Amino acid sequence: MLFLYNTLTRRGEEFQPQEPGRVRMYVCGPNLYGPCHVGHAFSYIAFDVLRRYLEFRGFDVIHVQNFTDIEDRIIETARSQGKTVSELAENYISRFFRETDALHIKRAHYYPRATEFIPRMIEMIQSLLANGSAYALDGDVYFRVRRFPAYGRLSHRSPDEMMSGARIEIDPRKEDPLDFALWKGAKPGEPSWDSPWGPGRPGWHIECSAMSTVLLGETIDIHGGGQDLVFPHHENEIAQSEAYTGKAPFVRFWLHNGLLRPSPEEDKMTRHLANFVSCQEALQKYSPDALRLFMLSSHYRTALTWSEEAVAAAESGVERLKVALRPAYGGAGEAIGLPETAKKARDAFLAAMDDDLNTPQAIASIFELARGINQARDEGQGGGSFDEAQAVLRELAEILGLRLEKKVEIDETTRKHLEEQIAQRERLRIEKRWAEADRIRQELAKEGFLLEDTPAGTVWRKI
RNA sequence: GGCGACGUGGCCAAGUGGUUAAGGCAGGGGUCUGCAAAACCCCGAUCGGCGGUUCGAAUCCGCCCGUCGCCUCCA
């Protein structure tokens, strides 16, 4: 039984989809005013693992992730860079795919863009106006928060307690400071779409309601995103969606990941992208496996602080898992204790994942299994049970999206050269000409290859 | 002002009432090895502070100290 923590009820709840066997899941995607940073990656990886685990458990998952391709920040950024909004968006979308693919994040089934759903949003807004949930005002349309009694339920705050305008100025024309924009009239020079209220663009929140209801239906199983989206974004989504469809709940399970923070030393201001490490930068320095292992070493709902030191530590950990996948040396027969170790690790892994995706604990059992495998190899054991234990290790690692591949991006010439050098060194070693043998190893080290002598012969590793 | 999170060995991080407080990284000591590397074995914390509840608390309650997030830009 899979238990997931639901922000709405503030409890772990047993997860069952509405339609048996099929999960409808919507995850908030990026606002395309800038490149993705490791904080986005943290969120996408968390929900990627959720999806992988659901699929592992036999569910057919329909996964939707949106692109916010029209919004104030994008307009501003495009203008300052002398680009069109769509040029900017396209650029960041292709970069998004490059980076999420590299991070081994499974592609969603749909990547709807806000600008593709304008007619639907207009229709929703009209309907909200018709039923009294919204009001038009000089080309803008606002949602009437006070008309929605459940407002505040997700974020657990009451409209009366909120300090509206704590951070921005209140628009005095609004009926209530909490009312939020469904439609914004265009100012001169801004991109706009025609609407019954004049040219304008959608408010930020309505896009998710439109895309979610069109692609997944009026009630979906899971809606995910960062904790910073609980209020107001998701609160507003619930209000406008339920006011529109007349059906509740809009979402059965609300899942929110804790926020990734930049290193304390790097900058105090966490607001702007400039303080974050971009995915691109992270991928240049670290392997995707290490980045994933680092992020999954902490529970998804807990805030995690970005730390170069911790990612580097994860890199070493990944290396040990890879070593566990090396072949057995053999000689001592079947690895007798291994099947039990593998079963124990697998059971523990699944139990941890069932408990609100406790990946840190799940990872612990992967390492236990790796140790068991390495131990067996050291003792010269092998056979079918050894291979099966490695298969379990691969299986569990894949649920976390760890590839554990030996990266062999070397060309034929280099490979030949390596093989010749290793063979030559082997001859020297047989003749006990250690100094010459060591020289070969030193030279290869300079070329970036580390030689390791094992009972099964000499293997090389890229350093 | 309101709501909320967090503080566990050198670093990262699970555990939320009762076995010897997971796991990773780093470190020390070993085994193996011509050497090296890797792997394996062994070694380290009583859980921010104080008080309380309980037969029993890192785990529940209260207070204090510290860090952080949200309260319409934000994954």
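Being a predicted model, the structure only gives us computed values, none of them experimental.
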Inset, instruction - Taking atom P in both G62(B) and G2(B), compute the distance separating them and give it to the nearest angstrom. - result: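 Going atom to atom, P in each nucleotide, I get 16 Å.
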
Legend entry - Same-atom distance (C1') from C68(B) to G30(B), integer angstrom: 43 Å

Short side-chain N/O contact from [X] to OP1 or OP2 of [N], under 4.0 Å:
X	N	value
Trp204(A)	C74(B)	yes
Thr7(A)	G4(B)	no
Arg320(A)	C40(B)	yes
Arg429(A)	U33(B)	no

Inset, instruction - Go through the N and O atoms of the side chain of Arg441(A) and the base of C35(B), and report whether any donor-acceptor pair is under 3.5 Å. - result: yes

Legend entry - N/O donor-acceptor pair, side chain Asp228(A) with base G69(B), under 3.5 angstrom: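 No pair found.
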
Inset, instruction - Would you verify whether the NZ or CZ of Arg301(A) falls within 45 degrees of the ring axis of Tyr5(A) while also being under 6.0 Å from that six-membered ring's centre? - result: yes

Inset, instruction - Would you kindly check if the NZ (Lys) or CZ (Arg) of Arg146(A) is within the cone defined by 45 degrees around the ring axis of Tyr151(A) and under 6.0 Å from the six-membered ring centre? - result: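 No.
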
Inset, instruction - Evaluate whether the aromatic ring of Phe367(A) and the six-membered ring of the G23(B) base sit under 5.5 Å apart, centre to centre, with an inclination under 30°. - result: no

Under 3.5 Å for both donor-acceptor distances, Watson-Crick or wobble: does [N] have a partner, and if so which one?
N	answer
C25(B)	G10(B)
U59(B)	none
U20(B)	none
C47(B)	none
U53(B)	none
C32(B)	none
G4(B)	C68(B)

Side chain of [X] (C-beta onward), nearest among [options]:
X	options	answer
Arg326(A)	A26(B), A75(B), A38(B)	A38(B)
Thr302(A)	A14(B), A38(B), A75(B)	A14(B)
Glu452(A)	C25(B), A14(B), A38(B)	A38(B)

Legend entry - Side chain Asp179(A), main chain Val145(A), donor-acceptor under 3.5 Å: yes

Inset, instruction - Check for a donor-acceptor pair, side chain of Glu431(A) on one end and backbone N or O of Arg433(A) on the other, with a separation under 3.5 Å. - result: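 Pair absent, no side-chain N/O of Glu431(A) close to backbone of Arg433(A).
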
Legend entry - Tyr111(A) side chain reached by Phe96(A) side chain, heavy atoms, under 4.5 Å: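 Side chain of Phe96(A) against side chain of Tyr111(A), heavy atoms only: contact under 4.5 Å found.
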
Legend entry - Salt-bridge present (Arg441(A), Asp438(A); N to O < 4.0 Å): yes

Legend entry - Arg201(A) with Glu71(A): basic N within carboxylate O range, under 4.0 Å: no

Inset, instruction - Check RNA chain B against residues 371-383 of chain A and give the residues with a non-hydrogen atom under 4.0 Å, in numerical order. - result: Arg371(A), Asn374(A), Gln375(A), Asp378(A)

Can you tell me how far [atom2] of [N] sits from [atom1] of [X], to the nearest Å?
X	N	atom1	atom2	value
Lys462(A)	A37(B)	NZ	P	22 Å
Asn66(A)	A75(B)	CG	C1'	11 Å
His156(A)	A5(B)	NE2	C1'	14 Å
Leu396(A)	G23(B)	CG	C1'	15 Å
Leu450(A)	C35(B)	CG	P	17 Å
Asn257(A)	C70(B)	CG	P	13 Å

Is the distance from the ring center of [X] to that of [Y] below 6.0 Å?
X	Y	value
Phe67(A)	Phe97(A)	yes
Phe276(A)	Trp306(A)	no
His223(A)	Phe253(A)	no

Legend entry - Between His234(A) and His256(A), a side-chain donor and acceptor under 3.5 Å: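 Present: a donor and an acceptor within the cut-off.
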
Legend entry - Contact letters for nucleotides 42-48 of chain B, in which S counts primed atoms plus P, OP1 and OP2 and B counts the base, heavy atoms under 4.0 Å: -------

